[in-house]
Amino acid sequence: MSSENGGEGQGQEGPEQLALIREAVRKAKPRARKAVPTAERLPVARVAVDKALSHLDRLYDYSVPSSMDADAVPGARVRVRFGGHVAKADKGRRTGGRLVDGYIVERRESSDYRGPLAPLASVLSPEPVLSPDLLALARSVADRYAGTLADVLQLAVPPRHGRAEAEPSPEPRPAPDPPEPGTWSRYPAGSAFLQALRRGDTPRAVWTALPGPHWPQELARAVVATLASGRGALVVVPDGRAAARVDAALSSLVGEGHHVVLTAESGPRERYRRWLALSRGAVRAVVGTRAAMFAPVRDPGLVALWDDGDSSHSEQHAPQPHARDVLVLRAANERTGFLLGGLTCTAEGAQLVDTRWALPLAAPREALRAAAPLVRTVGDNDQARDAAARAARLPSLAWQITRDALERGPVLVQVPRRGYVPRLACERCREPAHCQVCAGPLEIRDEDGVLHCAWCGRPETAWHCLACGSTRLRAQVVGARRTADELGRAFPKVPVRTSGRDGVIASVPGRPSLVISTPGAEPVAEGGYAAALLLDGWALLNRPDLRAGEEALRRWLGAAALVRPQSEGGTVVVVAEPSLRPVQALVRWDPAGHAVRELAERAQLGFPPVSRMAAVTGKPAAVADLLATTPLPDDTDILGPVPAPPTAQWGDEPLERVLLRVRPGQGAALAAALKSAQAVRIARKEPDPVRVRIDPPDIG
DNA sequence: AGCACGCCGACT
DNA sequence: GTCGGCGTGCTC
């Protein structure tokens with residue numbers, strides 16, 4: 001082909017000429033659609049394109065070259081040219097277009113697209129990684145969270161690893177025998193739940209677990225009961241430690257080969273290998289951390305979640321789905337049983353019961369009394385008279401109980417993480433400490449201990465309480481390290497160990513020792529702890545968070561559940577104001593009752609989960625524009641805007657956040673409205689992004 | 001996001 | 001007349 005530009009511009013020089021050459025090159029090789037032969041049967045592939053842009057969140061049709069016919073199965077990964085343009089003047093010719101990844105969703109006889117179809121660029125592998133169920137789930141999750149299918153698929157389908165894919169998966173095992181109820185018999189509805197799973201039914205339960213070490217084994221029995229029905233099962237737990245415990249319980253019940261573990265601990269190859277074993281139906285059950293919520297279990301009969309209050313169940317990547325909500329969607333879409341278990345109960349769990357979607361699964365009082373330790377409270381102003389106790393900053397009661405318990409076994413001391421307290425308060429009157437300039441909350445910087453404002457960043461050098469004039473702040477929580485030092489001095493004959501962010505201990509022997517731990521990092525003690533001290537309760541309860549009370553109770557119960565039952569002398573001391581609701585719920589060991597009251601209060605105040613909320617964050621003008629141009633559901637409350645903390649994403653620009661609130665049943669409509677609002681903004685090429693977050697976690 | 005088309009003003 | 005500004009719309 002000769003250049004149309006011929007001799008023109010030959011005498012010119014410099015950038016113009018370069019531009020002309022570039023132009024000539026571009027024109028000389030338009031990516032002509034070669035007359036590739038197309039598959040004879042089902043020549044059209046409907047493709048989910050891996051582009052997260054919300055205004056092109058739909059499926060696209062491509063033609064299937066006959067050379068790819070055999071590999072281009074539904075679910076296969078493909079590459080396609082996307083975003084090119086069909087020139088009018090030169091019909092059928094395509095120019096440009098970038099190669100993007102995608103998945104074949106369906107092979108069809110014809111397309112309803114009026115226009116020439118581009119051919120698939122390549123089929124990466126015939127492995128059908130995107131099953132119809134997984135696609136449907138991803139679509140539901142995207143809709144629920146105002147996100148795109150592509151975003152969710154990125155969470156749901158792991159990256160391909162060729163070697164792992166080439167390996168054959170193991171032969172599937174025959175279904176195991178149904179399990180004995182074991183410790184499930186402590187729950188009146190426990191055996192019935194297992195039997196329902198084993199029969200092939202789909203029971204749904206919110207399970208308030210008894211304290212003690214049995215829950216991993218109980219989860220495992222639910223899995224085995226489901227396997228015995230010939231169906232698959234999925235268990236999502238908050239961290240690798242919990243996964244390891246359920247894994248061990250499963251292995252001891254039915255041996256290896258029936259299940260895989262999906263956690264961050266295994267590398268990409270091994271992870272993909274296990275994922276494929278599930279997808280291929282070679283292995284029927286999985287236990288894992290939150291990414292496992294999408295695991296491609298074949299014909300699942302049960303989806304289970306442990307400890308839904310743990311923040312690690314919130315996915316960090318867009319659209320930030322929560323494992324509980326994904327599994328609720330999954331139970332509905334794939335018609336499976338559902339088990340939401342924990343030592344505690346969230347308001348969301350209580351709501352599943354309240355709406356009759358799930359039944360409560362709890363133990364009677366007697367079983368609880370047999371399993372739980374004695375819980376005692378100490379007001380947080382109690383001063384120890386004993387000098388040694390004062391040095392260790394322990395109230396007298398806590399001191400005595402520790403001393404006695406250390407005769408009989410290990411003692412757990414739970415201390416909030418250093419830097420955990422977002423809000424400092426006056427030591428005398430508890431008035432929260434505010435910045436004198438902007439009234440933002442004061443905090444102590446972790447690195448250098450400097451008191452400064454969390455909003456404006458101004459260092460505060462001469463704070464005094466505006467209410468009572470005191471100049472003493474309630475100090476930041478003392479870290480585990482220093483607590484360990486002090487307690488070590490107070491009990492010099494006892495070994496002291498710490499478990500926390502850097503260095504989590506999984507378990508400790510049953511010998512007397514002091515175990516200082518931050519919440520969530522508590523080691524399991526052989527035979528149970530003789531006692532536990534829950535220090536600095538005020539710090540957990542003072543957080544400016546909707547879920548502060550629920551979260552404090554969750555962390556206390558998590559530690560207290562590791563203590564021996566009261567009948568064996570197990571005692572828990574919580575240092576916190578005894579009149580507060582979470583403290584009373586701990587003393588009575590009544591997390592379900594706490595959750596019911598919490599839910600009722602949130603309903604009355606119009607808080608989640610009864611109302612659905614969304615946060616819209618961005619530059620003030622951008623947020624205002626989105627709200628002005630978006631038809632929101634009727635009765636949407638618009639709360640704010642309020643200043644939002646700056647984020648790296650936006651640099652130093654001042655940001656605003658608006659909370660949108662809709663009444664029950666309107667959540668889907670709100671998500672849909674926000675998604676189309678985003679699509680409009682992107683299509684209009686608005687320069688300033690707006691972040692939309694359904695179910696924002698940090699509402700104070 | 002890219003990329004092309006199209007409908008108006010300054011230049012050869 | 002034609003080059004080129006960017007406003008608008010589409011991507012199988």
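Chain letters run A, B, ... following the sequence lines, proteins first and then strands; every chain starts at 1.
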Under 5.5 Å and under 30°: Tyr60(A) stacked on dC12(C): no
Can you measure Arg79(A) atom CZ to dC12(C) atom P for me and round it to whole angstrom units? 15 Å
Rounding to an integer number of Å, can you tell me how far Gln678(A) CD sits from dA1(B) P? 11 Å
Expressed in angstrom and rounded to an integer, what is the separation of Arg81(A) atom CZ from dA1(B) atom P? 21 Å
Checking contacts here: which listed nucleotide (dC3(B), dA1(B), dT11(C)) is nearest the side-chain heavy atoms of Arg98(A)? dC3(B)
Side chain to side chain contact (heavy atoms under 4.5 Å, CB included) with Asp635(A): which residues, sequence neighbours excluded? Arg663(A)
Compute whether any side-chain donor of one residue and acceptor of the other, for Ser111(A) and Asp61(A), lie under 3.5 angstrom apart. yes
In whole angstroms, how far is the C1' atom of dC10(C) from the CG atom of Leu56(A)? 9 Å
With sequence neighbours excluded, residues passing side chain to side chain donor-acceptor pair (under 3.5 Å) with Arg602(A): Glu550(A), Glu598(A)
Within the 4.0 Å heavy-atom criterion, would you say Leu59(A) contacts the bases, only the backbone, or no part of the nucleic acid? nothing
Grab the CZ-C1' distance between Arg681(A) and dG9(C) for me, whole Å please. 18 Å
Rounding to an integer number of Å, can you tell me how far Lys51(A) NZ sits from dA1(B) C1'? 6 Å
Nearest-Å distance, OH (Tyr113(A)) to P (dC12(C))? 6 Å
Base, sugar-phosphate, or nothing for Arg58(A), non-hydrogen atoms under 4.0 angstrom? base
Can you tell me the distance, in whole Å, between the CG atom of Asp57(A) and the P atom of dA1(B)? 15 Å
May I ask you to check whether Asn333(A) and Ser140(A) show a side-chain donor-acceptor distance below 3.5 Å? yes
